Every structure is written in structure tokens, then in C-alpha cells.
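Read through the structure below, which is laid out as C-alpha cells, and then see the notes.
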There are 2 protein chains.
Amino acid sequence: MRISELARETGVPLATVKYYLREGLVPAGRATSATQAEYDVTHVRRLRLVRALVEIGGLPLAAVRDVLAAVDAGPDLSMTAIGTAHAALPPAPPPGTGTERALAVVESFGWSGAGQTNALGRLQAALEAMDAVGLAPDPERLRTYADAALTVAAADVSDVPAGPVADVVEYIVVGTVLYEPLLLALRRIAQQHLFVTRRPGG
Amino acid sequence: MRISELARETGVPLATVKYYLREGLVPAGRATSATQAEYDVTHVRRLRLVRALVEIGGLPLAAVRDVLAAVDAGPDLSMTAIGTAHAALPPAPPPGTGTERALAVVESFGWSGAGQTNALGRLQAALEAMDAVGLAPDPERLRTYADAALTVAAADVSDVPAGPVADVVEYIVVGTVLYEPLLLALRRIAQQHLFVTRRPGG
DNA sequence: ACAGTTGGAGAGTAGCACTATCCAATATTG
DNA sequence: CAATATTGGATAGTGCTACTCTCCAACTGT
């Protein structure tokens with residue numbers, strides 16, 4: 001499979017494939033001559049993954065690179081793969097954001113082991129911004145959100161298939177990113193559903 | 001309150017405040033002379049809202065403009081405010097994405113009234129991308145996600161306070177955007193929590 | 001033999017979100 | 001009241017990202 005076939009197969013413009021190769025997001029093919037290289041299904045798969053992370057996950061290419069690095073690191077990092085992936089994922093919390101408040105919230109749920117993730121910073125930044133515009137959640141609503149988050153997270157980790165470790169890592173890392181848009185889309189659709197059915201008159 | 005005080009109060013650089021004024025994201029102050037204008041708390045509030053939508057919601061300024069328009073439209077749009085807000089929210093589904101499959105999924109949940117939202121396109125795009133990389137959710141997991149989404153959506157719509165209609169609209173629209181990062185941050189933290197507690201050895 | 005394609009590299013482009021500079025008019029201060 | 005500082009407003013420039021275009025010699029298929 002040559003580069004143009006790779007592009008056609010995935011629907012990605014040839015120039016963009018070349019760009020990803022240059023950036024190291026897709027590994028080089030096996031060169032068969034000075035002007036020819038051979039690509040295979042692993043390249044197709046990787047290219048599709050990059051596009052999914054960019055288009056669905058909304059990641060900038062730098063973050064895609066980091067996520068792929070976490071995927072490729074394989075066995076050694078499997079335990080911390082989630083943390084690595086989360087650290088690589090945007091958006092980063094605004095600089096100067098603390099985590100004390102977020103930690104207090106998380107601990108009130110009895111959650112542990114979330115010490116070194118920037119998700120804490122994001123949580124705190126979100127809470128502070130809500131305060132600033134006067135829309136902070138009351139404890140009950142926060143609890144509802146946390147319960148829902150825990151439910152889907154439980155599905156996430158229990159659904160990890162047995163198999164080669166590299167695949168497991170990819171499953172976790174990619175799943176973390178790709179399932180976020182799924183959850184948000186479902187929430188928005190559910191909101192509309194509830195509004196239409198519960199407030200027929202406005 | 002003069003413009004520089006507005007900037008200081010909110011922590012937004014003066015040049016950026018001017019830029020937002022030019023772009024119409026923050027309404028002009030009441031001019032008191034050729035080189036002086038008076039701003040008040042509504043400007044502070046609006047400016048904080050813009051920053052929250054940008055920094056926490058991750059919206060591009062064009063989307064912020066659309067969301068604010070939905071907020072400002074007030075009473076007339078209150079019934080469709082969610083739809084308007086959703087339509088304005090990025091990311092848009094990739095062009096050419098259908099909604100048949102997403103519709104089928106949504107109907108299988110017994111949800112209705114979600115016909116004209118781009119969230120459907122996002123849902124379908126997410127499902128298709130997951131298929132492409134071989135990580136599509138099984139029906140059970142999809143159901144788990146849908147239930148969780150419905151739970152938080154119920155909290156969202158039931159939590160809408162009684163009050164001036166304009167405030168209600170703002171609450172809905174802004175809540176839609178600002179609570180998304182909250183949900184995602186909680187999910188990530190919950191994932192880490194579960195991984196650490198359930199897989200202590202890796 | 002020769003038109004067409006390929007891989008690779010460099011420079012160029014478009015969009016976004018600021019940011020810096022300038023200006024004349026107006027405030028503020030001594 | 002004179003000197004200095006600040007203001008609102010406009011214009012142009014910056015830095016970043018994610019491509020996209022152009023070129024070219026080496027090779028391929030016919």
C-alpha cells in the first residue's frame with residue numbers, strides 16, 4: 001500500500017498524511033526505494049486514530065502526540081496510562097489554579113488516588129468560574145454529577161477487554177478521549193428531550 | 001467605573017477588554033465624553049461570563065457571540081433557548097455526517113424532541129469514529145452513558161430557578177456550557193479513583 | 001522511452017485570539 | 001492654569017496551529 005492509497009482509504013488528504021508523517025503522528029512506511037514506501041493496515045489504523053482524536057476528541061496535534069506516546073509506551077505505563085493520558089489532555093487548567101477546593105470536593109465523595117491529575121485543576125477552575133458568574137452548583141447537584149460520572153467511569157474501567165497489554169492501554173487512553181464527546185452529546189440530547197416533554201408550553 | 005477599572009476588577013488585560021468591546025462581546029459603556037465612558041456591574045458580569053465561556057467552556061469567540069445572542073434574545077426564545085445554544089456550540093459535527101443512526105439510538109431510549117440539534121450529528125460522528133478505530137460501545141455501555149446523561153440533564157432542567165426570564169435563559173444556556181467541563185473532570189477523576197482502588201497491582 | 005506518480009522537504013496560507021502602537025481629547029495634579 | 005497622565009477608539013502587527021502548495025529528482029508502469 002502506497003501513500004496515496006493510504007490517503008484514499010482513510011479519506012485524509014494526501015498533503016495532510018504527509019504532514020502527519022513529518023510530525024511523527026503516523027510512523028514512516030517501509031521504504032522500498034528512494035521514492036517509494038510501503039504502508040499497511042497498522043498505518044491505516046493509526047491514521048484513523050489520529051483523525052478520531054482530532055475531529056471527535058478535539059485534541060490539538062501536540063496532545064495527540066502525547067496521547068499516542070502513552071499508547072505506544074505500552075506495558076510499563078499501563079498502570080499510570082490514565083494519568084499520563086489525562087495530563088496530556090487539554091484544556092489545561094488556567095495557570096495559578098489551585099486544587100485544594102477540588103480535593104475537598106473529591107474527598108467528600110470518598111474518592112481517592114486522584115492526586116496527580118490535572119482534572120483536579122480543571123474541576124477547581126470550573127467551580128471558581130461558576131462562582132464568578134453566580135452559577136455554582138449546590139451540593140446536591142454536584143453529587144448528582146459525581147454519581148453520574150462514577151457510573152460511567154465504572155463502565156469505562158470494567159469494560160476493558162482482556163488482551164495484549166498494548167491494546168488495553170490504547171483502549172483506556174482512547175476511550176477516555178473518545179467517550180467524552182459521546183457523553184456530552186447524550187447530555188445535550190437528553191436536555192432537549194426533557195425540556196420538550198416537561199415544558200410543552202415553554 | 002472606567003474601562004481600566006473594569007479590566008482590573010476582572011483580571012482581564014485592558015487590551016483584551018477593548019478587543020471584546022470592539023467585537024461586541026461586551027456592550028459599550030455609557031459615554032460621558034469623547035474619551036471617557038462609564039461601565040457598571042452588568043459589564044463586569046458580562047465580561048466574567050465571556051471569560052468563563054472561553055476559558056472553562058472552551059468556546060471560540062464566535063460561539064460566545066452566538067451564545068450571548070441566545071441569552072440576550074430573552075423571553076421569545078426561552079422555549080428554544082437550549083436548541084439555539086446547542087446549535088451555536090462547537091464543535092460542529094464534520095460536514096456530511098448524517099443523523100439516522102443517532103436518531104435510531106435516541107429513539108431506542110424513548111427520547112423525543114431532539115430533532116433539530118447538532119448534538120445528534122455529534123453523537124453519530126462519535127459513534128462512527130469509534131467504529132473506525134474498533135472501539136464502539138456495546139449497547140449496554142451506551143445505555144449506561146445514556147442513563148447517566150439523562151440523570152444529569154434532569155438535574156439541569158429541574159434546577160432552573162424561578163425568576164426573570166432573561167435570568168432563566170442565561171442559566172440554561174450558560175449551564176449547558178459550563179457544566180460540561182465539570183462533568184468531564186469528575187469522570188476523569190472517578191476513572192483514576194476506580195483504577196487505583198480496583199487495580200492496585202496494575 | 002517516456003508520461004505519470006511518488007516520497008520528501010520547504011515555504012506559504014488562513015484563521016483565531018489577542019497585543020502593541022498610535023492618536024487626539026480629556027482628566028488630574030501641582 | 002500649565003504640565004502630565006490617562007482614556008477610548010482605531011489600525012496594524014504578533015504568535016500559534018493546522019494544514020496546503022509547490023517543487024523536484026527518483027522511480028514506476030506501459
Side-chain angles (χ1 to χ4, degrees), chain A residues 1-40 43-44 47 49-68 88-92 94-95, chain B residues 1-40 43-44 47 49-68 88-92 94-95:
Chain A
M1 179 180 265
R2 286 159 299 176
I3 194 175
S4 52
E5 201 178 341
L6 180 61
R8 230 175 302 116
E9 175 86 21
T10 56
V12 178
L14 177 59
T16 305
V17 176
K18 288 181 173 186
Y19 172 64
Y20 288 170
L21 285 168
R22 241 178 295 151
E23 294 293 307
L25 298 173
V26 174
R30 183 176 51 85
T32 59
S33 81
T35 64
Q36 220 81 20
E38 184 67 16
Y39 301 89
D40 59 32
H43 297 93
V44 174
L47 187 49
L49 178 56
V50 170
R51 293 305 283 192
L53 292 175
V54 168
E55 290 186 353
I56 304 304
L59 301 197
L61 293 190
V64 171
R65 200 197 321 280
D66 291 344
V67 169
L68 293 178
L89 294 180
Chain B
M1 178 181 267
R2 285 157 301 172
I3 194 174
S4 51
E5 201 177 342
L6 180 60
R8 229 175 303 115
E9 176 84 14
T10 56
V12 178
L14 177 60
T16 304
V17 175
K18 288 183 173 186
Y19 172 64
Y20 289 169
L21 285 168
R22 241 177 298 145
E23 296 293 308
L25 298 172
V26 174
R30 183 176 51 84
T32 58
S33 81
T35 63
Q36 219 82 21
E38 185 67 15
Y39 301 89
D40 59 32
H43 296 93
V44 173
L47 187 48
L49 178 55
V50 170
R51 293 305 284 190
L53 292 175
V54 168
E55 290 186 353
I56 304 303
L59 301 197
L61 293 192
V64 171
R65 199 197 322 280
D66 291 345
V67 169
L68 293 178
L89 294 179

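This is a predicted model, so every value here is computed, not measured. The sequence lines fix the lettering, A, B, ..., with proteins before strands; numbering per chain opens at 1.
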Nucleotide [N], atom [atom2] - distance to [atom1] of [X] in whole Å:
| X | N | atom1 | atom2 | result |
| --- | --- | --- | --- | --- |
| B/Leu53 | C/dA17 | CG | C1' | 15 Å |
| A/Tyr20 | C/dA9 | OH | C1' | 18 Å |
| B/Leu61 | C/dT19 | CG | C1' | 14 Å |
| A/Leu21 | C/dA9 | CG | P | 10 Å |
| A/Met1 | C/dT5 | CE | C1' | 17 Å |
| A/Glu5 | C/dT6 | CD | C1' | 13 Å |
| A/Leu14 | C/dA9 | CG | C1' | 14 Å |
| A/Arg65 | D/dA18 | CZ | C1' | 12 Å |

Among [options], the one nearest [X] by side-chain distance:
| X | options | result |
| --- | --- | --- |
| B/Thr35 | C/dT26, C/dT19, C/dC18 | C/dT26 |
| B/Gln36 | C/dC18, D/dG9, C/dA27 | C/dA27 |
| B/Lys18 | D/dC21, D/dG9, C/dT19 | D/dG9 |
| A/Arg22 | D/dT7, C/dT19, C/dA11 | C/dA11 |
| B/Val54 | C/dT26, D/dG9, C/dC18 | C/dC18 |
| A/Tyr19 | C/dA11, D/dT28, D/dA18 | D/dA18 |

>> I'd like to know if A/Arg65 pairs up with A/Glu23 as an ion pair, taking the criterion as any Lys NZ or Arg NE/NH1/NH2 lying under 4.0 Å from an Asp or Glu carboxylate oxygen.
In response: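 Yes.
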> Rounded to the nearest 0.5 Å, how far apart are OG1 of A/Thr32 and CZ of A/Arg2?
Replying inline: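 Rounded to the nearest 0.5 Å, the OG1-CZ separation comes to 9.5 Å.
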>> Check this one for me: any side-chain N or O of B/Ser33 less than 4.0 Å away from OP1 or OP2 of C/dA27?
In response: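 True: B/Ser33 side-chain N/O within range (under 4.0 Å) of C/dA27 OP1/OP2.
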>> Any side-chain to backbone donor/acceptor pair from B/Thr10 onto B/Leu6? Under 3.5 Å, distance only.
In response: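 Side chain of B/Thr10 to backbone of B/Leu6, a donor-acceptor pair under 3.5 Å: yes, one is there.
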> Judged by atom type as modelled, is there a donor-acceptor pair below 3.5 Å linking the side chain of B/Glu38 to the main-chain atoms of B/Arg30?
Replying inline: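 Not a single qualifying donor-acceptor pair exists.
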>> Please compare A/Thr16 and A/Ala34 by the position of their nearest nucleotide in DNA chain D and report the one closer to 5'.
In response: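 Per heavy-atom nearest nucleotide, the more 5' residue is A/Thr16.
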> For B/Leu53, which of B/Val50, B/Ile56, B/Leu49 qualifies under side-chain contact (heavy atoms from CB on, under 4.5 Å)?
Replying inline: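 Going through the options one by one, the only one that passes is B/Leu49.
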> Base, sugar-phosphate alone, or nothing: which one does A/Ala37 contact when heavy atoms must sit under 4.0 Å apart?
Replying inline: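 Counting heavy atoms under 4.0 Å across all strands, the contact made by A/Ala37 is with sugar-phosphate only.
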